[in-house]
Amino acid sequence: MLVAAAVCPCPPLLVPEVAGGAAPEMDAARAACYDALGVLAAARPDQLFVLGPAEPSGRGPHPQGTRGSFAGFGVPLEVSLGKGEPARRELPPSLAVGAWLLERTEWTCCPVEGLGIGEPLTRARCEETGRGLAARADRVALLVMGDGSNCRTLKAPGYFDERAAAFDAEAARALGGADTAALLALDEELAYDLKAAGRSSWQTLAGAAQGADLDGRLLYDEAPYGVGYMVASWS
């Protein structure tokens, strides 16, 4: 059963070594992520799953101990998803950022496993996947990595789309209110158009949380680079 969740954005810029001189611009987002992970630890879960968007090569389960690297972003920094033997493949970037957050907050509460999710995964499959995760242990926690729209400003990576602000506002409202129905109602095609990489992760969370009666709290909601970044905690 799901007992807690933390929702965090997954840009590599969240890692100060990657952001370099721009690192202070994400200080508030980092602080919110740390607070959200504190809620996870306080829930005393038996199992933590870190899930986030992934390209085909990074989809599926990643066992504890799987390594991730930020070398592709010009930084010789490696992370590990908890302590364990390295796996044959690396963590996708979203899960590497999640592993970095766990290392920074010294996560030792329970075993951890990663799950790379395809951004095009249908709502029904996301919901089914989430229910399966929640049934894996008596007390399950999720660290849910994912960004909102990529089109909030003219300088955003996805350029400007007038629909982006409203999409992100609805996602933030649903995440802050632990509103599973609203998360499942997010439009898959619109999310794809707006390059909202977190949609499938959020809908997986919604599937896991059905019947759990969790309360939500929105800790951060900004778009510093024209990309919607949200942090929420559910407990």
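In this chain, residues are counted from 1 in sequence order.
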In terms of hydrophobic clusters joined by side-chain contacts under 4.5 Å, are [X] and [Y] together?
| X | Y | value |
| --- | --- | --- |
| Trp107 | Val144 | no |
| Leu186 | Leu142 | yes |
| Leu205 | Leu37 | no |
| Leu121 | Met145 | no |
| Ile117 | Leu184 | no |

Exercise. Residues two or more places apart in sequence or in another chain: which of them pass salt bridge (charged side-chain N to carboxylate O under 4.0 Å, His left out) with Asp187?
Worked result: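 Testing Asp187 for salt bridge (charged side-chain N to carboxylate O under 4.0 Å, His left out), a comparison that skips the adjacent residues, returns none.
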Restricting to pairs with a member in [range], which pass side chain to side chain donor-acceptor pair (under 3.5 Å), not counting sequence neighbours?
| range | value |
| --- | --- |
| residues 110-125 | Glu113-Arg136, Arg123-Glu188 |
| residues 193-214 | Glu127-Gln210, Arg199-Gln203 |
| residues 2-18 | none |
| residues 153-172 | Ser149-Asp168, Arg152-Asp168, Asp161-Arg163, Glu170-Arg173 |

When the side chains of residues 217-234 are checked against the rest of the protein, which donor-acceptor pairs come out under 3.5 Å, sequence neighbours left out?
{"unit_1": "Tyr225", "atom_1": "OH", "unit_2": "Glu25", "atom_2": "OE1", "d": "2.6"}
{"unit_1": "Trp234", "atom_1": "NE1", "unit_2": "Leu175", "atom_2": "O", "d": "2.7"}

Problem set entry | Side chain Glu103, main chain Ser80, donor-acceptor under 3.5 Å |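 Yes; judged by distance alone, with no hydrogens or angles, the pair exists.
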Exercise. Where the side chain of Asp147 meets the backbone of Pro9, is there a donor-acceptor pair that is under 3.5 Å apart?
Worked result: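 Pair absent, no side-chain N/O of Asp147 close to backbone of Pro9.
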Nearest heavy atoms of [X] and [Y], plus distance in Å:
| X | Y | result |
| --- | --- | --- |
| Pro11 | Met26 | CG-CE, 4.1 Å |
| Leu14 | Ala29 | CD1-CB, 4.1 Å |
| Ala156 | Cys151 | CB-CA, 4.0 Å |
| Gly116 | His62 | N-CD2, 3.9 Å |
| Leu2 | Ala208 | CB-O, 3.6 Å |
| Val97 | Cys10 | CG2-O, 3.6 Å |

Exercise. Are Phe73 and Leu13 close enough, and set up right, to give a side-chain contact (heavy atoms from CB on, under 4.5 Å), and what steps lead you there?
Worked result: CA-CA 9 Å; Phe73 302 95; Leu13 288 174; over 6 Å; no
Problem set entry | Full working for side-chain contact (heavy atoms from CB on, under 4.5 Å) between Thr129 and Leu51 | CA-CA 11 Å; Thr129 300; Leu51 55 99; over 6 Å; no
Problem set entry | Contact list for residues 65-88, test salt bridge (charged side-chain N to carboxylate O under 4.0 Å, His left out), sequence neighbours left out |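 Those involving residues 65-88 do not exist here.
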Problem set entry | Sequence-distant partners of Asp27, side chain to side chain donor-acceptor pair (under 3.5 Å), two or more places apart |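 Side chain to side chain donor-acceptor pair (under 3.5 Å) check on Asp27 returns Arg30.
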Exercise. How many angstroms lie between atom CZ of Phe49 and atom CG of Leu95, to the nearest 0.5 angstrom?
Worked result: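 Atom-to-atom, Phe49:CZ and Leu95:CG are 13.0 Å apart.
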Problem set entry | Separation of Asp35 CG from Thr105 OG1 (nearest 0.5 Å) |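 Here the interatomic distance stands at 11.0 Å.
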For this session: Show your reasoning for whether side-chain contact (heavy atoms from CB on, under 4.5 Å) applies to Val79 and Trp100.
Result: CA-CA 6 Å; Val79 292; Trp100 177 83; 4.0 Å; yes
For this session: Carefully, step by step, assess Val18 and Leu77 under the rule side-chain contact (heavy atoms from CB on, under 4.5 Å).
Result: CA-CA 9 Å; Val18 175; Leu77 175 65; 5.5 Å; no
Sequence neighbours excluded and cut-off under 3.5 Å, please list the side-chain donor-acceptor pairs for residues 38-47, or say none.
{"unit_1": "Asp46", "atom_1": "OD2", "unit_2": "Arg139", "atom_2": "N", "d": "3.1"}
{"unit_1": "Gln47", "atom_1": "NE2", "unit_2": "Pro111", "atom_2": "O", "d": "3.3"}

Exercise. Do Pro12 and Val15 come close enough that some side-chain heavy atom pair is under 4.5 Å?
Worked result: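 Heavy-atom side-chain distance check fails, nothing below 4.5 Å.
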For this session: For Val112, check side chain to side chain contact (heavy atoms under 4.5 Å, CB included) against everything at least two apart and list the hits.
Result: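 Scan of Val112 (side chain to side chain contact (heavy atoms under 4.5 Å, CB included), adjacent residues dropped) gives Leu48, Val50, Gln64, Leu81, Leu102.
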